[in-house]
Asker: 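Sharing a structure, written as structure tokens. Questions coming.
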Amino acid sequence: MNERFDPDRADSHWQKVWDEKQCFRADDASAKPRSYVLEMFPYPSGRIHIGHVRNYTMGDVLARYKRMRGFEVLHPMGWDAFGMPAENAAMEKGVHSGGWTRENIANMKAQLKRLGFALDWSRELATCEPDYYGHEQALFLDLYEAGLVYRKESAVNWDPVDQTVLANEQVIDGRGWRSGALVEKRKLSQWFLKITQFADELLAGLGTLDGWPEKVRTMQENWIGKSQGLEFSFDLSSGDRLAVYTTRPDTIFGASFVAVAADHPVAQVAAQGNAEAHAFIERCKAGGTTAAELETAEKLGFDTGLTAKHPFTGADLPVYIANFVLMDYGTGAIMAVPGHDQRDFDFATKYGLPIIRVVAASAEDADRPFAGEAEAGDGVCVNSGFITGMSVAEAKAAVIARAEVEGWGEGKTVWRLRDWGVSRQRYWGTPIPFIHCESCGAVPVPKDQLPVVLPEDVDFQTPGNPLVRHATWKHVSCPKCGIPATRETDTLDTFVDSSWYFLRFASQPGDKPFDPEAIAKWLPVEQYIGGIEHAILHLLYARFWTRALSHIGLIEVREPFASLFTQGMVTHETYSREQDGREVYFSPGEVARSAEAAVLKTDGQPVEIGRVIKMSKSKKNVVDPDEIVASHGADAIRWFMLSDSPPERDLPWSEAGIEGCARFVQRLWRLFGQFDAGASGEDKALDRKRDQTVAAVAQDIEALSFNKAVARIYELTNVTEKAAPSASRSAAIRTILLLVAPMMPHIAEEAWQAIGQGLVAEAAWPEVDPALLVEDEVTIAVQVMGKLRDTITAAKGLPDDDLKALALASEKVQRSIGDAAIRKVIVVPDRLVNIVA
RNA sequence: GCGGACGUGGCGGAAUGGUAGACGCCGGGGACUUAAAAUCCCCUGAGCUUUGCUCGUGCGGGUUCGAGUCCCGCCGUCCGCACCA
């Protein structure tokens with residue numbers, strides 16, 4: 001063996017061998033137990049970033065480990081290749097979206113290969129290719145036929161200068177990111193998927209997902225937002241009726257006004273012939289559309305002059321148009337109870353409306369004033385007519401029952417979840433397979449005419465969707481009546497593309513989206529790994545899509561991902577300096593650091609030490625995985641990704657850390673070089689440590705606690721290095737090699753040449769002797785009054801009385817007790833004795 | 001605003017209610033070397049009157065023989081919020 005391990009040579013050599021032998025190709029026909037390990041596929045932005053490396057290293061360790069444990073593993077990779085950046089590149093650099101995307105894919109694929117991931121590249125797919133999105137169009141039409149797709153009007157952000165629709169992230173402080181023009185809300189007719197039809201199922205399904213983080217399940221639960229309440233109508237002074245929805249019917253006696261959304265019909269009527277009301281509604285439209293913006297914006301209202309008659313008290317309540325009421329939730333109108341809802345409280349305070357207490361901690365507190373904020377908590381009803389004295393829960397039921405008996409309202413379940421709007425007024429996406437005909441309306445493209453291929457001869461010289469301006473593409477004849485018609489020019493949300501790619505990985509027939517038998521074999525994904533940023537949307541949409549396909553009988557599986565793991569970000573330190581009134585950032589490499597201060601190497605002047613945050617180009621704190629692979633090798637960067645930080649938390653990148661990893665690679669190499677097949681002699685303690693480590697590392701990998709697995713491998717390495725030569729020591733060295741094989745496959749493969757047979761990629765996980773996992777001696781902590789005073793060594797399983805005697809015999813313990821009388825002795829077998837004196 | 005999480009040495013972090021700080025990084029000392037790199041060995045929470053003692057897991061309470069861990073109340077930081085993927 002050479003003195004030093006040369007990653008440059010070994011990495012590419014073994015990557016080529018794995019490729020040629022197709023080691024990681026999943027066999028559909030295999031009789032082995034199956035395991036589908038999947039990481040969220042990347043958007044081909046141009047380069048792999050360190051977050052990808054972390055994500056795919058975790059999945060790779062699991063996939064390789066599962067193979068060692070005898071599973072047939074499916075570990076595929078693909079490209080989430082549609083999306084806005086390709087259009088931005090086309091506009092900014094004059095390149096073609098498709099060419100740009102495909103070039104990025106080629107570059108990133110080469111980068112992934114250099115990291116040595118055990119991927120089945122034969123199943124690679126890209127969502128921007130017709131052989132993927134054509135099947136997606138077919139599935140979309142299936143859902144349409146099943147009544148799960150419909151059209152309705154919906155608001156978008158409209159940039160009046162660029163004449164284009166903007167995504168939320170393109171709207172900055174209410175203005176278009178390029179034009180700087182004030183963004184308007186505009187209504188367009190768009191396609192929707194009926195995810196709300198599955199709201200109950202998606203909610204109930206969360207209960208079966210034991211392998212998901214509690215956090216993600218809670219987030220989805222809140223997102224679906226099931227609430228039970230009362231829908232009822234007010235008689236308006238205009239003679240109309242106004243339906244409102246409330247989750248707090250128990251507070252109905254505290255209602256002091258009624259509010260409707262700006263786009264509510266009542267508001268629209270009020271605006272007719274009233275310039276002020278019209279102006280107010282326009283003002284509401286100017287704001288942002290996100291929930292955060294709506295709810296943090298100052299509460300604004302406009303008094304319509306109408307009044308609504310309270311169903312119990314008969315009082316006339318003023319009707320306002322309010323910017324904090326959402327048309328999409330409930331009925332788009334609310335009864336406002338300022339005492340017990342903070343938004344209503346803020347509004348009432350601003351407009352001088354009554355704030356009435358109708359819930360209190362106890363009946364005696366009925367007239368207690370509010371302490372500057374609403375009280376949303378539980379209690380008993382006060383000042384509330386027939387429900388006075390009831391608990392909140394009783395009152396809810398009583399009010400709903402009364403409304404139903406008297407016929408002016410009914411109990412209703414309302415969901416926060418809204419139907420999924422999938423239309424995007426963009427070019428680089430899956431064409432929605434519909435044709436608009438003047439006489440037949442929206443007609444689905446016949447399935448034998450799929451795929452509707454996205455034309456790639458488009459120009460981006462003028463802003464807006466190039467599909468609309470394309471000379472020929474959209475002009476077709478109606479499939480129904482044959483008269484001239486036009487194609488739908490909107491494309492599908494890219495979340496549709498990522499809602500079924502995991503199904504396509506299981507099988508890729510040319511004539512249909514997937515083979516149900518292959519789905520039944522491989523799905524659900526055993527372990528899905530990706531960023532927490534996908535906790536709601538992607539994961540909910542994928543769950544919905546799977547259920548919808550199951551609903552129409554295409555597949556059996558209901559939940560696509562049995563287990564989910566959300567990994568943390570990779571962070572790095574930041575350095576900056578204020579220059580000409582703005583913050584200028586420097587990369588950590590440009591800065592010389594001491595314990596407390598940092599200076600710029602080029603001018604020796606101090607720079608400010610910023611926070612350790614997610615890598616981003618603008619903060620100049622990115623590191624390029626390729627450079628790390630070139631300087632330290634793939635195994636070192638993989639090892640770094642697994643070390644130290646728990647995988648769900650952020651991982652701070654550091655130069656010292658990666659150097660430490662590279663040193664460890666060399667240290668292992670030296671140790672592997674000491675393997676001696678002919679060594680004899682037994683080292684019982686080392687055998688024990690070895691088998692305990694194997695068992696613990698297996699457990700840690702299965703729990704994805706890679707940082708703990710790494711720590712245990714270090715421990716075993718430390719003791720093995722120090723051990724005298726023996727057969728046990730050689731066995732330990734061989735074992736260490738196998739333990740690191742999923743994590744550092746290149747050095748493992750290289751060293752395995754001398755130690756094992758065949759490829760380590762095809763080797764089995766080491767066996768353990770269960771007898772060695774149990775210690776025969778244990779260290780017992782001895783406490784006096786809960787404080788540690790001594791430790792004693794005892795045989796495992798020693799009876800409580802013997803342990804007690806040993807503890808009391810300790811000189812340190814005696815000294816600590818002094819002349820105090822012993823009141824009690826607590827013995828935890830094999831662990832601890834606590835003397836209470 | 002709503003929802004979710006997190007808080008332990010100089011740093012990343014270990015710790016079924018039972019020996020706080022495993023393991024790694026940084027730092028200090030030493031060995032080897034003409035020298036450097038590499039490597040190896042030792043030390044490394046704070047304080048003290050140092051065979052040992054006291055303090056110590058964001059802050060304040062509580063439960064318990066025993067709390068980083070459980071409960072209550074604060075403080076601080078971060079993340080998500082429907083057209084970014």
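Below, chains carry the letters A, B, ... as their sequence lines are ordered, and counting in each starts from 1.
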Asker: Looking at R649(A), I'd like to know whether one of its side-chain N or O atoms comes within less than 4.0 Å of OP1 or OP2 on G7(B).
Answerer: yes
Asker: Output the single nucleotide from G4(B), C84(B), G12(B) whose closest atom is nearest the side chain of N222(A).
Answerer: G4(B)
Asker: Scan side-chain atoms only and decide if T430(A) and D497(A) contain a donor-acceptor pair under the 3.5 Å cut-off.
Answerer: yes
Asker: Side chain of L537(A): nearest nucleotide among C40(B), G12(B), A85(B)?
Answerer: A85(B)
Asker: Check the side chains of Y501(A) and W79(A) for a donor-acceptor pair under 3.5 angstrom, ignoring hydrogens and angles.
Answerer: no
Asker: Using atom CG of D497(A) as one end and atom P of A85(B) as the other, report the distance to the nearest whole Å.
Answerer: 9 Å
Asker: Looking only at side-chain atoms of T779(A), point me to the closest of A85(B), U19(B), C23(B).
Answerer: U19(B)
Asker: Write down the protein N/O and nucleotide N/O pairs, taken from nucleotides 53-57 of chain B, whose separation is under 3.5 Å; answer none if there are no such pairs.
Answerer:
unit_1 : atom_1 : unit_2  : atom_2 : d
U54(B) : OP2    : R789(A) : NH1    : 3.2
C55(B) : OP2    : K787(A) : NZ     : 3.0

Asker: Can you check whether any acceptor in the base of C83(B) is under 3.5 Å from a donor in the side chain of Q190(A), or vice versa?
Answerer: yes
Asker: Distance between the P atoms of G58(B) and G12(B), in whole angstroms?
Answerer: 13 Å
Asker: E214(A) has an atom CD; how far is it from atom P of C79(B), in whole Å?
Answerer: 23 Å
Asker: On RNA chain B, check which nucleotide each of S654(A) and D644(A) is closest to and give me the residue with the more 5' one.
Answerer: D644(A)
Asker: When you measure from the side-chain N and O atoms of R831(A) to the phosphate of G18(B), is any distance below 4.0 Å, counting only OP1 and OP2?
Answerer: no
Asker: To the nearest Å, give me how far apart CD (E659(A)) and P (C25(B)) are.
Answerer: 11 Å
Asker: When you check the phosphate oxygens OP1 and OP2 of A37(B), does a side-chain N or O of R4(A) lie under 4.0 Å from one of them?
Answerer: no
Asker: Using atom P in both nucleotides, what's the gap between G3(B) and U54(B) to the nearest angstrom?
Answerer: 46 Å
Asker: Between Q220(A) and W212(A), do the side chains contain an N or O donor and an N or O acceptor separated by less than 3.5 Å?
Answerer: no
Asker: Which one, A82(B), U19(B), C23(B), comes nearest to the side chain of R416(A)?
Answerer: A82(B)
Asker: Reading RNA chain B 5' to 3', how would its secondary structure be written in dot-bracket notation, given Watson-Crick and G-U pairs with both distances under 3.5 Å, brackets [ ] for crossing pairs and | for partners on other strands?
Answerer: (((((((..(((.....[....))).(((((.......))))).((((...))))..(((((..]....))))))))))))....
Asker: Any base atoms under 4.0 Å from D346(A), or only sugar-phosphate, or nothing? Heavy atoms, all strands.
Answerer: nothing
Asker: Quick one: E573(A) CD to C11(B) C1', roughly how many Å, whole number?
Answerer: 11 Å
Asker: Of the candidate nucleotides G13(B), G12(B), G4(B), which contains the atom at the shortest distance from the side chain of N707(A)?
Answerer: G13(B)
Asker: Expressed in whole Å, how much space separates the C1' atoms belonging to U44(B) and A22(B)?
Answerer: 15 Å
Asker: Looking at every strand, decide which applies to F495(A) at a 4.0 Å heavy-atom threshold: base, sugar-phosphate, or nothing.
Answerer: base
Asker: Nearest to the side chain of Y43(A), heavy atoms from C-beta on, is which of A85(B), G80(B), C26(B)?
Answerer: A85(B)
Asker: Select from A81(A) and R667(A) the residue whose nearest nucleotide in RNA chain B is closer to the 5' end of that strand.
Answerer: R667(A)
Asker: Taking atom P of C25(B) as reference, at what distance in whole Å does atom CZ of F664(A) sit?
Answerer: 10 Å
Asker: Please tell me which of the listed nucleotides, G13(B), C23(B), C40(B), lies nearest to the side chain of S645(A)?
Answerer: G13(B)
Asker: On a whole-Å scale, what distance lies between the C1' atoms belonging to U77(B) and U64(B)?
Answerer: 31 Å
Asker: Is there a donor-acceptor contact under 3.5 Å linking the side chains of Q425(A) and Q190(A)?
Answerer: yes
Asker: From the list G13(B), C23(B), A82(B), which nucleotide is the closest neighbour of the side chain of P646(A)?
Answerer: G13(B)
Asker: Could you tell me how far G62(B) sits from U69(B) if I compare only their C1' atoms? Round to whole Å.
Answerer: 15 Å
Asker: Going by distance alone, is a donor N or O of one side chain under 3.5 Å from an acceptor N or O of the other, for S810(A) and D790(A)?
Answerer: yes
Asker: Taking the P atom in each of G13(B) and C6(B), what is the distance between them to the nearest angstrom?
Answerer: 13 Å
Asker: Please tabulate, one pair per line, each protein N/O and nucleotide N/O from nucleotides 65-70 of chain B that are separated by under 3.5 Å, including the distance.
Answerer:
unit_1 : atom_1 : unit_2  : atom_2 : d
C65(B) : O2'    : N834(A) : ND2    : 3.4
C65(B) : O2     : N834(A) : ND2    : 2.5

Asker: Ignoring backbone atoms, establish whether T494(A) has a side-chain N or O less than 4.0 Å from OP1 or OP2 of A85(B).
Answerer: yes
Asker: Return the value, rounded to whole Å, for the distance between atom CD1 of I713(A) and atom C1' of A22(B).
Answerer: 15 Å
Asker: Let me know the distance between NZ of K614(A) and P of G80(B), rounded to the nearest Å.
Answerer: 8 Å
Asker: Just to confirm, is there a sub-4.0 Å distance from OP1 or OP2 of A15(B) to any side-chain nitrogen or oxygen of K708(A)?
Answerer: yes
Asker: Ring centroids only, cut at 6.0 angstrom: are Y714(A) and W639(A) within range, meaning strictly under it?
Answerer: yes
Asker: Rounded to whole angstrom, note down the P distance from G56(B) over to A46(B).
Answerer: 16 Å
Asker: D650(A) CG to C79(B) P: how many Å, rounded?
Answerer: 9 Å
Asker: Please state the P separation for the pair G4(B) and G9(B) - nearest whole angstrom.
Answerer: 27 Å
